[in-house]
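Below is one structure; the comments refer to it alone.
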Amino acid sequence: MSVATALPGLDVERIREDFPILAERVHEKPLVYLDSAASAQKPRVVMDVMARTMEKQYANVHRGLHWLSERCSDAYEGARDRVARFLNAEREEIVFVRNATEAINLVSYTFGHTALEPGNAVAVSQMEHHANLVPWQMLRDARGIELRIVRVTEAGEIDFGDLERVFADRRVKLLAITHMSNVLGTYTPVERLVAFAHAHGAQVLVDGAQAVVHRRVDVRALGVDFYVFSGHKLYGPTGIGVLYGKRTLLQSMPPFLGGGDMIGSVSYERSTWAEPPYRFEAGTPAIVEAIGLGAAIDYIEAIGFDAIATHERVLTDHALRTLSDISGLKIIGNAQDRGGIVAFTLDRIHAHDVATLLDKQGIAVRAGHHCAEPLARRFGVDSTARASFGIYTTRSEIDLLAAGIERLKKVFS
Amino acid sequence: MSVATALPGLDVERIREDFPILAERVHEKPLVYLDSAASAQKPRVVMDVMARTMEKQYANVHRGLHWLSERCSDAYEGARDRVARFLNAEREEIVFVRNATEAINLVSYTFGHTALEPGNAVAVSQMEHHANLVPWQMLRDARGIELRIVRVTEAGEIDFGDLERVFADRRVKLLAITHMSNVLGTYTPVERLVAFAHAHGAQVLVDGAQAVVHRRVDVRALGVDFYVFSGHKLYGPTGIGVLYGKRTLLQSMPPFLGGGDMIGSVSYERSTWAEPPYRFEAGTPAIVEAIGLGAAIDYIEAIGFDAIATHERVLTDHALRTLSDISGLKIIGNAQDRGGIVAFTLDRIHAHDVATLLDKQGIAVRAGHHCAEPLARRFGVDSTARASFGIYTTRSEIDLLAAGIERLKKVFS
Amino acid sequence: MEDTVEDLYQQLIMERARAPHYAGRLVRIDGEAEGDNPMCGDQVHVMFASGDGDVVQEFAHQTRGCAICIASADLLGDVVLGRHLDEITSTVDAFEEMIRTGTRPTRSEFDKLAAFAGVHAYRSRRRCATLAWQAARSAIIRMMEAHHG
Amino acid sequence: MEDTVEDLYQQLIMERARAPHYAGRLVRIDGEAEGDNPMCGDQVHVMFASGDGDVVQEFAHQTRGCAICIASADLLGDVVLGRHLDEITSTVDAFEEMIRTGTRPTRSEFDKLAAFAGVHAYRSRRRCATLAWQAARSAIIRMMEAHHG
Ligand SMILES: Cc1ncc(COP(=O)(O)O)c(C=O)c1O
Ligand SMILES: Cc1ncc(COP(=O)(O)O)c(C=O)c1O
């Protein structure tokens with residue numbers, strides 16, 4: 001292992017061997033993948049588990065009555081148990097969905113339409129991904145529920161003074177907030193936010209799409225009412241995501257999609273609903289993908305979140321230091337508690353050009369508003385380039401990024 | 001190739017080699033998989049394409065700006081082109097969803113909430129899968145839209161007299177109907193139904209979950225307004241399905257889920273929606289699964305629907321003949337135009353026991369109401385056992401089924 | 001389809017499914033409950049007579065369903081007759097546990113009941129085996145509440 | 001980052017992005033249109049002067065965006081000046097076709113415009129290259145409608 005990649009706690013070189021794509025070349029250069037916040041690459045074991053399921057044990061789940069269906073149901077329900085353990089939840093509290101976006105919409109269409117009333121308000125922060133903003137706008141427009149925005153400081157942290165203001169009249173009944181910003185890298189203090197919201201009579205949905213990748217999430221300890229994430233950012237398959245909801249909350253919610261598997265019994269006049277989580281899983285689920293997600297969770301828990309967090313810390317510190325040294329480069333946000341996502345602008349060079357010219361060097365970063373358009377506006381930028389790190393990211397990749405930026409600046413000079 | 005499996009048009013033995021799971025043994029017996037209507041097995045090429053995508057070309061799609069993302073977007077959008085050609089539609093008319101169930105709910109939550117008005121009616125048939133019944137019940141209860149049921153004859157065909165009655169007052173604005181019953185095997189005459197409904201001022205949604213597997217579907221020729229199906233029944237992956245909607249209809253519909261990728265621009269006050277199909281694809285889609293579905297379509301089109309239809313015809317005729325010879329066995333439905341799904345009851349033996357005792361012999365059939373509870377009631381049964389056929393099903397497997405039924409009858413005699 | 005011990009359709013189960021000992025109605029009913037499984041139309045109605053006391057004197061069931069369902073309702077009769085209500089609930093717990101885990105409890109009443117342990121492997125059949133037992137639990141809890149306030 | 005022909009950031013593009021020839025506003029405007037791409041904040045405003053005739057006499061653009069976007073708006077100027085409106089729409093069609101397919105048309109005005117053919121490989125950058133051109137098309141169609149009823 002080279003010195004440059006020797007990070008405490010994590011044997012990055014060995015981890016990289018588990019990810020076949022990292023050996024690919026792009027434009028004849030070795031791939032430097034710094035876009036894990038958009039979607040993470042997959043370890044071999046995830047692909048293998050998916051293929052093996054389809055080769056050996058595949059059938060539709062639930063009420064199959066034959067051996068393949070029973071085994072496939074065992075694996076699918078085993079994945080639910082796995083996710084429940086991962087979040088320290090009960091299995092009945094784990095609903096499989098497509099992605100974090102669907103999970104939030106599910107809550108908006110069910111809880112939002114029955115537990116909230118016209119005149120109530122939903123609060124979100126200024127640093128939400130569109131996935132945690134647009135569904136609430138749609139709810140606002142459909143039901144006369146107010147949408148309030150909690151400001152973010154120049155450092156990119158929740159403005160607690162503004163939070164007080166937003167909650168002052170006690171009309172906010174739901175705080176929907178990210179656990180980690182996909183632009184600023186900020187971790188929000190979820191326990192504190194939950195205590196605050198609960199004290200003000202509001203429930204809390206936490207968008208864990210980014211945070212769950214880097215930190216152990218214990219939904220009981222955090223006290224959240226809902227927690228959502230996507231499999232594909234957690235080194236798992238596309239097409240699968242998770243909604244955690246407190247058991248009593250899920251039980252009180254009407255169904256979202258209607259169809260097979262979510263019903264108790266059906267007649268033309270009236271249908272009765274199954275208990276959670278099945279009430280919220282209509283139709284044939286993403287069976288193979290749920291099983292693949294279980295394998296991804298096994299994989300990262302074997303590495304361990306202590307090591308993952310240390311690795312993220314070291315990489316982020318290195319990236320912040322290295323990138324700040326580049327003249328004309330400005331990093332957006334500098335929260336106290338921040339993780340492996342760094343968005344930046346370059347003087348007089350558009351983020352699109354940055355991304356394309358880095359790509360020409362084999363370096364994959366993302367550019368744009370990162371599905372957080374109002375946040376970009378808050379910081380007075382149209383778009384930023386963003387580098388984000390995963391368990392397979394090395395210090396030398398960050399050095400390559402810095403060198404790549406210096407090179408592309410020459411094209412523009 | 002054995003005589004028993006030599007069917008016109010289709011080299012079943014060669015096809016079987018493409019499906020690794022068919023070589024599995026269950027309870028030490030060779031697997032006889034007769035549950036394809038619940039979910040089909042996957043050819044090797046589908047697993048390979050999925051794994052290869054994750055190994056070589058994976059990244060999040062759209063606006064990625066880097067090579068991997070561009071190539072993965074090409075593949076994902078290529079899958080959309082593939083589906084469009086498959087249905088003879090435009091690419092803008094193809095929305096990727098999780099499954100047929102989600103597709104129907106999408107139409108119900110959007111078209112159902114804006115194009116339909118209180119006092120309008122939706123008509124479904126008596127032979128709908130819950131996926132094409134429960135969403136309309138939910139719409140009825142939410143919006144004061146009437147739900148009308150078109151009767152099915154004892155043969156298991158649409159009762160056109162009853163259809164006239166249901167449409168007589170011209171309040172039906174949507175006919176939501178299956179293209180093939182997942183219990184009776186009946187194909188409905190979609191062109192005739194479309195002509196009838198359009199003449200009565202109603203639009204038509206067709207549930208193609210079963211039909212699309214066996215017959216070439218040309219949405220233009222059929223004239224349907226919406227057509228839905230699931231990938232997993234079409235030898236493709238789980239977690240992916242398709243909504244086809246006529247371009248003008250999709251354009252007139254509001255979004256379903258809110259989030260990334262479905263917006264034009266976002267501010268706190270107002271967001272604008274992207275054009276179809278993107279308006280209806282919020283969040284990270286089932287990327288790898290869509291690509292896998294494209295491969296499944298390539299696979300079956302290479303075999304060809306002429307051969308597939310002939311094979312289905314021969315198998316179904318053989319099954320109907322063979323099973324009718326079994327004393328005490330009663331087949332539900334005998335439509336003129338019927339395909340490879342045969343549901344039956346056995347005198348004094350519960351369908352659950354039938355399924356389990358067949359399973360003990362390695363034969364996978366399904367038992368229950370097959371998510372069509374009101375239809376079972378219509379035919380005066382609680383549950384039936386159901387054998388269903390795919391491109392890999394052989395005549396000798398049907399003979400094994402018949403022999404298996406005779407054996408299990410002895411246990412009960 | 002040999003009758004191995006693991007086999008679901010043991011002789012005992014088939015006998016009781018074909019000719020249940022306790023099928024029918026009681027004249028006097030001190031406790032009863034129904035259970036149904038809309039998934040397959042299984043329906044069960046269990047009835048108990050215990051006079052004023054806590055010991056079950058009579059039992060009957062009306063069951064529509066598969067062999068597993070009918071036989072498990074009928075074998076319930078063997079277990080409850082002459083037993084105290086609170087003993088019965090603990091047997092019901094143990095039966096459900098056996099179906100969930102596949103492991104046969106050591107208690108003597110499971111000599112016969114072990115016939116159902118194989119249901120464990122069939123997730124979708126578990127409900128067939130436990131339907132009557134769950135109904136019995138509700139009936140008995142209500143009887144105990146009625147007797148003891 | 002050698003300047004190969006396929007390279008997106010050819011000298012021509014960089015020159016025009018750094019120092020556009022037609023940046024600014026016209027005094028007299030006979031046709032204009034705006035285009036924007038909310039995905040990245042790119043904005044373009046194209047302006048034409050043609051007097052009473054069908055030939056473009058003056059052109060200017062105000063563009064905020066990436067190098068590709070600015071340079072493509074500027075090279076549009078080279079193509080429109082002194083040309084008939086209906087010729088221009090056919091060049092716009094050909095330009096969009098080139099971006100979509102990656103194949104350079106044989107028409108002579110594409111000697112320079114071919115610099116953009118490489119954008120084809122970047123699905124998410126295609127809009128950057130065509131933004132000004134699409135705006136130009138709307139402006140010109142409106143001008144032709146105004147002149148010819
Ligand atoms: C006729 C019909 N419609 C709809 C469905 C629902 O399909 P899915 O569960 O894939 O959404 C099925 C599958 O069982 C079906 O057979
Ligand atoms: C903070 C945050 N929330 C939600 C999402 C939406 O995730 P998905 O697209 O998987 O639904 C993302 C992903 O970009 C994210 O970063």
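Computed over heavy atoms, backbone and side chain alike; hydrogens, waters and symmetry mates excluded. We name chains A, B, ... by the order of the sequence lines, and we start the count at 1 in each one.
- Contact of B:V124 with chain A is not made at all, since no heavy-atom distance falls under 4.5 Å.
- Contacts of A:R377 with chain B are made by side-chain atoms alone, with heavy-atom separations under 4.5 Å and no backbone atom involved.
- For B:R279, there are no salt bridge (charged side-chain N to carboxylate O under 4.0 Å, His left out) partners, not counting sequence neighbours.
- Residue contact with chain A, scored on non-hydrogen atoms closer than 4.5 Å, is absent for B:V354.
- Only the backbone of B:Q57 comes within less than 4.5 Å of a heavy atom of chain A; no side-chain atom from C-beta onward does.
- Neither the backbone nor the side chain of B:R71 comes within contact range of chain A; no heavy atom of the residue lies under 4.5 Å from a heavy atom of that chain.
- By the 30° and 60° cut-offs, the orientation of the rings of A:H27 relative to B:W67 is perpendicular.
- For the set B:T356, B:V26, B:I149, the count of heavy-atom pairs under 4.5 angstrom toward chain A peaks at B:I149.
- With a 4.5 Å cut-off on non-hydrogen atoms, B:L31 touches chain A through its side chain but not through its backbone.
- Contacts between A:S265 and chain B at a heavy-atom distance below 4.5 Å involve backbone atoms as well as side-chain atoms.
- Ring orientation note: the planes of B:Y109 and A:F256 are tilted relative to one another, at an angle of 30° to 60°.
- For A:E24, the part lying under 4.5 angstrom from a heavy atom of chain B is the side chain only.
- With a threshold of 4.5 angstrom between heavy atoms, A:S230 does not approach chain B through any atom at all.
- Side-chain contact between B:S69 and A:R366 is present, with heavy atoms from C-beta onward closer than 4.5 Å.
- For A:A40, the part lying under 4.5 angstrom from a heavy atom of chain B is the backbone only.
- Using a 4.0 Å cut-off between charged side-chain N and carboxylate O, A:R44 and B:E55 make a salt bridge.
- When all heavy atoms of A:V288 and B:T238 are compared, the closest pair comes out as N-OG1, 3.2 Å.
- Counting heavy-atom pairs closer than 4.5 Å to chain A, the top-ranked of the candidates B:E269, B:M50, B:H129 is B:E269.
- Proximity to chain A (any heavy atom under 4.5 Å) is restricted, for B:Q137, to the side chain, taken from C-beta onward.
- B:N99 contributes a side-chain N or O that, together with a main-chain N or O of A:T284, makes up a donor-acceptor pair within less than 3.5 Å.
- For a residue to count as touching a neighbouring chain, one of its non-hydrogen atoms must lie under 4.5 Å from one of that chain's; by this rule A:P285 touches chain B with the backbone only.
- Both the backbone and the side chain of A:I287 come within less than 4.5 Å of a heavy atom of chain B.
- For A:M138, the part lying near chain B is the side chain, with the backbone staying farther off; criterion is any non-hydrogen pair under 4.5 Å.
- Looking only at heavy-atom pairs under 4.5 Å with chain B, the residue among A:A282, A:G362, A:C371 that has the most is A:A282.
- Within the 4.5 angstrom heavy-atom criterion, atoms from both the backbone and the side chain of A:L257 approach chain B.
- Residues A:V134 and B:S271 share a closest heavy-atom pair of CG2-OG, 4.4 Å.
- Using a 4.5 Å cut-off between heavy atoms, A:L65 touches chain B through backbone and side chain atoms alike.
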